[in-house]
> 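Sharing a structure, written as structure tokens. Questions coming.
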Amino acid sequence: MPHVEQRLEDDGRILQFDVVLTKEDLLAHVDREVAKISKKGLIKGFRPGHVPKSLVRNRYGDSLLADAFQELLETTANDFLSKVELPLIDAPVLRERDSDFSKLNIRQLQDEYRITFEAGLYPSEIRGLSGEEKYERFVADISQESAEQTLEELSREYGTSVEVSNGIRLEDLLELSLSELDGEIVKEEGLRREGGVLWLSKEFPEEVTAAFLGRSAGEVVRVRLGALRERGLEGVLARLLNSASDALQGIGDWFEVRIDKVRRLEPAALTEAFFQQLFGEEVRTREQAIEQIKAILARNYTDALASLTVENILARLETLNDFDLPERYTQTIFQRKTEKSPSEAPEAYERFLRLLRRRYFLSRLQALANVYPTEEDVKREVANSLYRTLSDMGLTYLFEQALKRQLQDEEVVLSAERRWVYRHLAQALPAYLNMSEHPLTEEDIRQRYQKRTADAQEETAPPIETTESVEADEASGAND
């Protein structure tokens with residue numbers, strides 16, 4: 001029977017193992033395949049199902065031998081690896097071969113074939129997971145001011161638009177008739193526009209807003225609207241004048257403007273009925289509404305806070321566990337994934353080693369809290385993110401088609417899986433680690449998350465997906 005002989009090398013940092021295949025193992029496999037072909041095969045000159053086995057063996061023996069070698073090698077190695085409890089860094093690599101397997105010949109078989117693989121090992125024990133270390137779990141500290149501002153925005157969003165006759169204010173909506181001026185008089189062939197609409201924003205130049213503030217419907221004012229262009233608000237001016245932005249160059253700065261109508265958004269009254277409409281029947285007061293808003297705003301930062309929390313723990317574990325990885329193995333893996341030697345890309349190789357360590361720490365955290373996403377979890381994560389994006393753009397009708405494409409994008413799927421893992425780890429780890437809450441303001445969250453994202457982009461490195469299985473083609477060369 002095929003079997004495996006194992007041993008530890010490099011001070012226990014490398015698992016080396018031999019897959020041993022005997023002549024009897026290979027011939028038994030070939031004979032089974034010959035019997036199948038003889039029984040089912042159709043060869044010219046013979047009745048169906050009556051092909052001599054000797055003919056099949058002579059004609060197809062070497063090809064069947066190559067297939068047998070590959071299948072037995074792969075099955076034996078992967079069955080062994082499935083039972084290994086040591087922390088493998090990545091897939092085993094071929095260490096050495098005792099024969100040229102590309103010249104396998106059924107008439108000249110050796111008594112035994114030995115194929116040697118090795119896999120790098122992480123240390124079995126690491127510091128920082130037994131409760132002696134203190135970690136921080138970042139939470140959102142939503143300010144009273146931010147919640148109050150959000151409540152005001154909600155009251156305006158659910159308010160009503162009313163027409164007013166005088167006392168124009170900022171954020172009023174003005175319906176205007178405009179005539180281009182030439183000095184002090186209306187330009188004879190200048191631009192004229194009726195029904196122009198202008199939302200009087202506080203972002204406008206002061207000379208523009210000052211021309212309207214306090215005025216009433218029916219009044220005529222002279223306004224240097226060119227100030228909008230100078231502020232970089234060409235789009236606002238183009239919409240007001242119903243002109244393309246690139247056509248503004250030939251239009252003057254000064255306009256005579258008649259204020260036709262003034263409309264004002266009256267915020268909804270902050271009543272018990274309003275609070276219940278927005279937040280549910282249990283919310284009846286302003287104070288309760290503010291608390292609900294704080295909770296809602298905090299949820300907006302869930303993924304960012306989870307990422308900051310988990311990355312902070314990973315960084316601490318990295319500091320506590322400054323171990324070396326088996327160089328002979330990691331150099332081989334790096335070269336396999338990048339087609340470059342570590343000496344050709346030393347910085348990339350160092351990043352690669354760091355990401356290997358962090359991947360191990362993350363796997364230990366997942367094992368500690370038993371946090372593993374299913375395929376359905378990841379699909380739902382992709383779908384939820386996509387739906388939010390399309391909703392913001394008003395394109396939800398494209399959801400089904402876009403989801404199929406997203407699920408075929410490996411980078412999108414891996415990103416969704418990472419978000420899911422980080423979010424669930426941040427929720428579960430306080431039950432296993434010594435963690436205290438560390439409140440962050442909204443500005444703190446944005447700054448830290450932006451920095452973490454920038455750092456992650458700088459630390460780009462070759463893929464380090466786990467492939468803890470043997471692909472026999474490399475080892476056997478049987479198809480050469």
Side-chain angles (χ1 to χ4, degrees), residues 1-41 51-121 326-337 339 466-480:
M1 288 290 292
H3 67 279
V4 171
E5 298 174 7
Q6 61 175 309
R7 56 200 165 271
L8 293 177
E9 300 281 338
D10 192 11
D11 295 327
R13 296 185 302 174
I14 288 180
L15 170 65
Q16 196 173 91
F17 62 95
D18 300 332
V19 176
V20 182
L21 305 178
T22 66
K23 178 179 180 179
E24 290 74 17
D25 297 329
L26 295 168
L27 289 178
H29 194 285
V30 169
D31 288 343
R32 285 195 297 271
E33 295 303 313
V34 167
K36 291 178 184 178
I37 295 174
S38 177
K39 184 176 181 180
K40 298 181 180 179
V51 181
K53 293 180 181 179
S54 59
L55 177 61
V56 175
R57 186 184 180 95
N58 289 334
R59 183 174 295 187
Y60 302 112
D62 288 346
S63 175
L64 292 173
L65 176 63
D67 291 342
F69 192 99
Q70 180 168 325
E71 182 177 336
L72 288 173
L73 173 61
E74 189 170 318
T75 301
T76 305
N78 289 333
D79 181 62
F80 165 73
L81 290 171
S82 69
K83 299 172 184 176
V84 170
E85 296 183 355
L86 298 171
L88 302 180
I89 294 176
D90 209 305
V93 297
L94 184 65
R95 179 59 182 167
E96 59 187 41
R97 306 185 297 192
D98 64 359
S99 297
D100 185 358
F101 302 135
S102 64
K103 297 179 181 178
L104 282 171
N105 187 301
I106 199 166
R107 296 179 182 84
Q108 298 177 350
L109 283 176
Q110 298 174 191
D111 291 335
E112 180 183 280
Y113 294 88
R114 185 176 295 266
I115 308 93
T116 302
F117 296 93
E118 60 183 29
L121 299 175
E327 189 172 281
R328 184 176 75 204
Y329 174 79
T330 55
Q331 288 182 348
T332 302
I333 290 292
F334 178 79
Q335 190 155 351
R336 173 189 286 181
K337 293 177 183 294
E339 298 183 353
T466 300
T467 315
E468 294 174 0
S469 61
V470 169
E471 295 182 3
D473 285 350
E474 176 189 312
S476 69
N479 292 332
D480 294 346

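On a predicted model such as this, the values are computed, not experimentally measured, just so you know. Values reported hereafter were calculated over all heavy atoms of this structure, with side chains retained and with hydrogens, waters and symmetry mates removed.
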> For the atom pair CG (Asp31) and CD (Glu24), what is the distance rounded to the nearest 0.5 Å?
11.5 Å
> Find out whether Val4 and Phe117 are in side-chain contact, i.e. whether some heavy atom of one side chain is under 4.5 Å from a heavy atom of the other.
no
> Which residues pass the side chain to side chain contact (heavy atoms under 4.5 Å, CB included) test with Leu8, not counting sequence neighbours?
Leu15, Leu86, Leu121
> Hey, could you give me the CE/OG1 distance between Met1 and Thr22, rounded to the nearest 0.5 Å?
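These two atoms lie 9.5 Å from each other.
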> Looking at every non-hydrogen atom in both residues, tell me the closest pair between Asp10 and Pro326 and how far apart they are.
OD2-CB, 3.7 Å
> Within the 4.5 Å heavy-atom criterion, are Asp25 and Tyr113 side-chain neighbours or not?
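A side-chain contact under 4.5 Å is absent here.
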> CG of Asp62 to CD of Gln108: how many Å apart, nearest 0.5 Å?
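Taking CG in Asp62 and CD in Gln108, the distance rounds to 9.5 Å.
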> Within the side chain of Tyr329, is there an N or O that forms a donor-acceptor pair under 3.5 Å with the backbone of Asp90?
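The answer is yes, because a donor-acceptor pair under 3.5 Å joins these two groups.
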> Might you confirm whether atom CD of Glu327 has over 12 heavy atoms from other residues, nucleotides or ligands at distances under 6.0 Å?
no
> Asp18: which residues meet the salt bridge (Lys or Arg N to Asp or Glu O under 4.0 Å) condition with it, sequence neighbours left out?
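With neighbours one apart ignored, the set is Arg7, Arg114.
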> Report the distance from atom CD of Glu71 to atom CG of Leu26, rounding to the nearest 0.5 Å.
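It comes to 11.0 Å.
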> So which heavy atom on Pro92 is nearest to which on Ala119, and how close?
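Nearest heavy atoms, Pro92 then Ala119: CA-CB, 4.1 Å.
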> Taking all atoms of both residues into account, what is the closest heavy-atom pair of Thr76 and Leu72, and its distance?
OG1-O, 2.6 Å
> Among all residues two or more places apart in sequence or in another chain, which pass the side chain to side chain contact (heavy atoms under 4.5 Å, CB included) test with Glu118?
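Listed in chain order: Ile14, Gln16, Val93, Arg95, Arg328.
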> With Arg32, which residues qualify under salt bridge (Lys or Arg N to Asp or Glu O under 4.0 Å), at least two apart?
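None.
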> Would a 4.5 Å heavy-atom cut-off, applied to side chains only, mark Val19 and Phe80 as touching?
no
> Measure the shortest side-chain to side-chain distance between Thr75 and Pro2 over non-hydrogen atoms and say whether it is less than 4.5 angstrom.
no
> Output all residues satisfying side chain to side chain contact (heavy atoms under 4.5 Å, CB included) with Asp79, sequence neighbours left out; order by chain, then residue number.
Ser82, Lys83
> In chain order, what residues pass the side chain to side chain contact (heavy atoms under 4.5 Å, CB included) check against Thr330, with sequence neighbours excluded?
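Counting only residues at least two positions away or on another chain, Thr330 forms a side chain to side chain contact (heavy atoms under 4.5 Å, CB included) with Leu325, Tyr349, Leu353, Leu356.
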> Looking only at heavy atoms, which two atoms of Ala91 and Arg336 are closest? And how far apart?
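So the minimum-distance heavy-atom pair works out to CB-NH1, 4.4 Å.
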